[in-house]
Amino acid sequence: MLRPGELEIAAKLPANGCTADVAQAYTRWLATHHYENFNVVSWLLPKELHQHFYNAYAYCRWADDLGDEIPSKERALELLDWWERELDACYEGRPAHPVFVALRETVVAKDIPKQPFADLLKAFRQDQVVKRYATWEAVLDYCVYSANPVGRLVLYLCGYRDDHRQRLSDATCTALQLANFWQDVSRDLEKGRIYIPLERAAAHGVTESDIVGKKFSKRYVSLMKELIARTRELFEEGLPLSRKVQGKLSVDLEMFSRGGLAVLDAIEAMGYDTLNRRPKVSKGKQVRLLGRAIVAQVFDRRDGNRSVGFPRAGGGYRVADGNAREVAASYAECHRVARAAHSNFYPAFFLLPKAKRDGIVALYAFMRLIDDVSDQGANLAEKQRGLARWRAALDQAITGQLQVFDGNAAMESPAAALEGAAEVLPALVDTIGRYNMPTRYLHDLISGAEMDLTIQAYPSFERLKEYCHRVAGTVGLTCTHIFGFHDAKALELAEKLGLAFQLTNIIRDVREDCAIGRVYLPEEDLARYGVAKADFGRSEATLGVHELLRFEAERAWRLYEEGSKLLGLIEEDSRGTLWLLVHTYSALLARIESVDFAVFGERVRLSKAEKLKLIAKARFGRHTEENILAKRDRDRRGTGGAVGGRRAG
């Protein structure tokens with residue numbers, strides 16, 4: 001039926017009656033090589049759905065091109081009739097055309113009715129004979145056939161068949177179609193089509209000839225504002241759909257809605273002149289939209305009920321003494337502190353159930369405030385007194401008894417003299433009791449901050465390990481108590497990961513640390529590679545520094561590999577968070593290796609897009625010991641060595 005060279009996408013078409021494998025290879029090629037505003041198949045979708053999406057897309061792409069890429073109206077209608085006969089044959093179990101050979105597999109597997117496929121053909125036929133739309137209702141009626149079937153097909157492919165979701169999908173798809181109309185006014189004019197309702201145009205003083213003549217005016221701006229406002233209402237109507245489907249599809253659906261809204265934003269930003277220019281959504285904008293969709297989905301997880309003020313397991317004391325309101329307010333303040341810090345850790349917290357999330361945030365807020373004491377100001381004695389006050393405030397909050405401070409009489413309320421202590425400690429104490437957490441971990445952490453005040457170098461790796469245990473190992477240990485574990489080996493592995501995180505930070509920040517008088521890398525290692533402390537202050541790393549950093553990186557990788565076994569020892573609802581933390585830090589180390597340890601210039605980091613992708617994988621992907629670590633650049637690996645500041649984060 002199709003003549004040679006009549007349709008570009010037919011160039012690589014297999015022969016009629018080919019096998020399903022050959023047919024599906026073609027639909028996969030077509031879906032991955034044809035331009036669309038957004039990818040046909042998102043990497044968020046389960047892999048088992050990819051081919052089904054390719055098959056459905058190939059049908060839609062062919063139908064669209066038969067209607068749009070054939071110059072003759074009569075020939076286009078003839079080919080659309082032929083395409084419908086092929087569709088009928090497919091549903092009768094005798095497909096011949098390769099697209100329908102592939103589609104047959106999907107139709108049977110997903111039990112998709114013929115109606116949405118047939119409805120699309122009505123729209124493509126309508127495009128051949130209808131070039132103007134008098135009313136808003138007429139345009140919406142066109143969308144019933146041109147756009148809504150696509151959304152319904154997506155729902156069928158993903159296993160949703162109910163009327164309620166289909167109505168929400170219709171609103172979203174109609175809105176997307178309308179946004180595309182307002183974006184493509186100039187392109188459609190080249191094809192002789194106007195989708196702007198002429199009745200609404202006339203209401204704003206815009207005539208058909210004004211549109212055809214591309215006469216931009218304030219009246220056209222007013223018209224566009226109305227059309228965009230109505231379209232936004234439809235997007236709002238359909239937005240609840242993303243919360244009524246499973247997580248991965250939820251992100252995709254929200255991404256499409258946000259993408260359509262971004263098109264409307266782009267029209268507004270360019271001054272509404274779609275008669276003469278076509279607004280575009282940049283790749284950077286698409287990445288930001290994806291990020292917002294992912295974050296919205298992660299942060300919108302349903303929270304379970306959480307009681308406040310549990311007794312400590314095994315007795316001893318009662319957390320918060322039943323003051324639920326005070327503890328709830330304290331947790332809220334901890335979240336504020338964590339948000340304000342802009343930590344890499346904070347998104348990972350939202351992969352946890354609410355009770356565990358609150359516990360992690362309480363720990364983080366406490367650690368951040370301890371850091372603030374040791375990092376702010378230049379008066380050493382005042383910093384030491386500040387940390388001593390925190391020790392006393394922590395002990396008093398836990399025991400309820402006055403604590404001796406700074407060699408003097410007990411203070412009535414040491415927390416009152418510390419910024420943030422009174423607000424954060426109730427939540428921290430609640431967390432300690434709830435998760436049966438040894439308080440020595442928190443005292444060790446304060447000791448680590450004290451070491452940073454007076455120790456500027458470490459003679460051996462064993463001495464550095466002591467420091468890393470206090471500032472990073474304690475983070476792993478406390479978090480593991482919140483994650484939940486049933487094998488004591490989990491604590492050993494958690495400490496290894498904390499040490500790996502801290503070594504990664506030390507390698508990345510070696511020049512910055514030198515600038516403030518600190519060299520964390522062991523002096524015995526510096527001597528081994530002929531490195532002087534002054535070498536870290538140079539503008540470029542020497543050969544010795546490169547080899548030293550490579551040696552320390554191998555040491556960190558060994559710890560990552562050993563510590564990654566923790567994943568299988570913690571409770572399942574905590575694995576996504578641990579996976580994200582470990583993968584993010586190991587990816588940072590892999591990046592440092594990939595740039596050949598060029599840490600003396602611009603700070604090595606992961607991009608926002610890379611972080612968002614990791615968040616999505618942590619939220620929706622499988623978490624295994626095999627994929628928890630980032631892949632290394634094997635060409636950058638050295639021979640390594642045996643495995644013998646700031647807190648990770």
Side-chain angles (χ1 to χ4, degrees), residues 317 330 333-334 337-338 341 343 345 359-408 410-411 413-433 435 437-456 458 463-482 491 494-495 498-499 501-502 505-506 518 520 645-649:
Y317 59 85
S330 180
E333 173 62 14
C334 291
V337 171
S343 168
F345 282 174
I360 290 283
V361 169
L363 283 171
Y364 180 85
F366 172 76
M367 295 171 183
R368 176 57 55 188
L369 292 172
I370 295 298
D371 271 352
D372 288 346
V373 173
S374 58
D375 287 345
Q376 294 176 356
N379 189 312
L380 174 61
E382 183 57 35
K383 291 181 180 183
Q384 291 173 325
R385 283 194 293 271
L387 293 174
R389 289 191 188 100
W390 269 105
R391 283 191 190 277
L394 174 64
D395 286 339
Q396 181 170 321
I398 292 171
T399 65
Q401 299 177 7
L402 298 181
Q403 302 298 313
V404 173
F405 163 68
D406 201 20
N408 299 317
M411 294 181 64
S413 178
L418 297 167
E419 183 178 355
E423 293 81 9
V424 165
L425 285 174
L428 178 66
V429 174
D430 184 62
T431 295
I432 291 169
Y435 296 104
M437 191 181 297
T439 57
R440 70 174 182 277
Y441 295 158
L442 303 176
H443 281 288
D444 281 348
L445 186 133
I446 295 174
S447 296
E450 289 171 334
M451 290 176 73
D452 261 335
L453 297 181
T454 57
I455 300 177
Q456 296 182 328
Y458 294 87
R463 184 69 171 136
L464 177 63
K465 279 175 64 177
E466 178 187 346
Y467 167 76
C468 291
H469 161 77
R470 291 178 175 178
V471 299
T474 54
V475 177
L477 292 168
T478 52
C479 287
T480 299
H481 274 271
I482 293 174
L491 296 175
E495 191 159 7
L499 179 55
F501 287 3
Q502 191 65 16
N505 279 347
I506 288 171
R518 295 173 183 166
Y520 289 102
R646 279 149 316 284
R647 190 163 301 106

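Note that the structure is a prediction, hence the values are computed from the model and not measured. Only this structure's heavy atoms are used, side chains among them; waters, hydrogens and symmetry mates stay out. Quick note: residue numbers are just sequence positions, from 1.
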Report yes if some heavy atom in the side chain of M367 is under 4.5 Å from a heavy atom in the side chain of V471; otherwise report no. no

We want to know whether R463 and Y467 form a side-chain donor-acceptor pair, criterion being a heavy-atom distance below 3.5 angstrom. no

Backbone N/O of V373 and side chain of K383: donor-acceptor pair under 3.5 Å: no

At their closest point, which heavy atom of V361 faces which heavy atom of A338, and how far apart are they? CG1-CB, 4.1 Å

Checking Y435 now: which residues fulfil ring pair (Phe, Tyr, Trp, His ring centres under 6.0 Å) with it, not counting sequence neighbours? none

Testing the 3.5 Å rule here: is there a donor-acceptor pair between the side chains of S447 and R440? no

For a side chain to side chain contact (heavy atoms under 4.5 Å, CB included) with W390, tell me which candidate from L442, D395, I370 qualifies. I370

How would you list, by chain and number, every residue that makes a ring pair (Phe, Tyr, Trp, His ring centres under 6.0 Å) with H469, sequence neighbours excluded? none

Min side-chain heavy-atom separation I482-M437 under 4.5 Å: yes

Heavy-atom closest contact (E495 atom, G473 atom, distance): CG-CA, 4.1 Å

Is there side-chain contact between Q384 and T454, with at least one heavy-atom pair below 4.5 Å? yes

Nearest-0.5 Å distance, OG1 of residue T474 to CG of residue D444: 7.0 Å

Which heavy-atom pair separates L499 from C468 by the least distance, and what is that distance? CD1-CB, 3.3 Å

pair I446-E450: side-chain heavy atoms closer than 4.5 Å: yes

Least distance between heavy atoms, F366 atom then V424 atom: N-CG1, 4.0 Å

The reported gap from CD1 in I360 to OG1 in T478 (rounded to nearest 0.5 angstrom) is 7.0 Å

Which atom names give the shortest non-hydrogen contact between C334 and A427, and what distance separates them? SG-CB, 3.9 Å

Roughly how far apart are L453 CG and E382 CD, rounded to 0.5 Å? 11.5 Å

Under a 4.5 Å cut-off applied to non-hydrogen side-chain atoms, are D452 and R518 in contact? yes

If you round to the nearest 0.5 Å, how far is NE2 of H481 from CG of L363? 10.5 Å

Output the distance between atom CG (D371) and atom CG (L445), rounded to the nearest 0.5 Å. 7.5 Å

Closest non-hydrogen contact found for P426 with A421 is CD-O, 4.3 Å

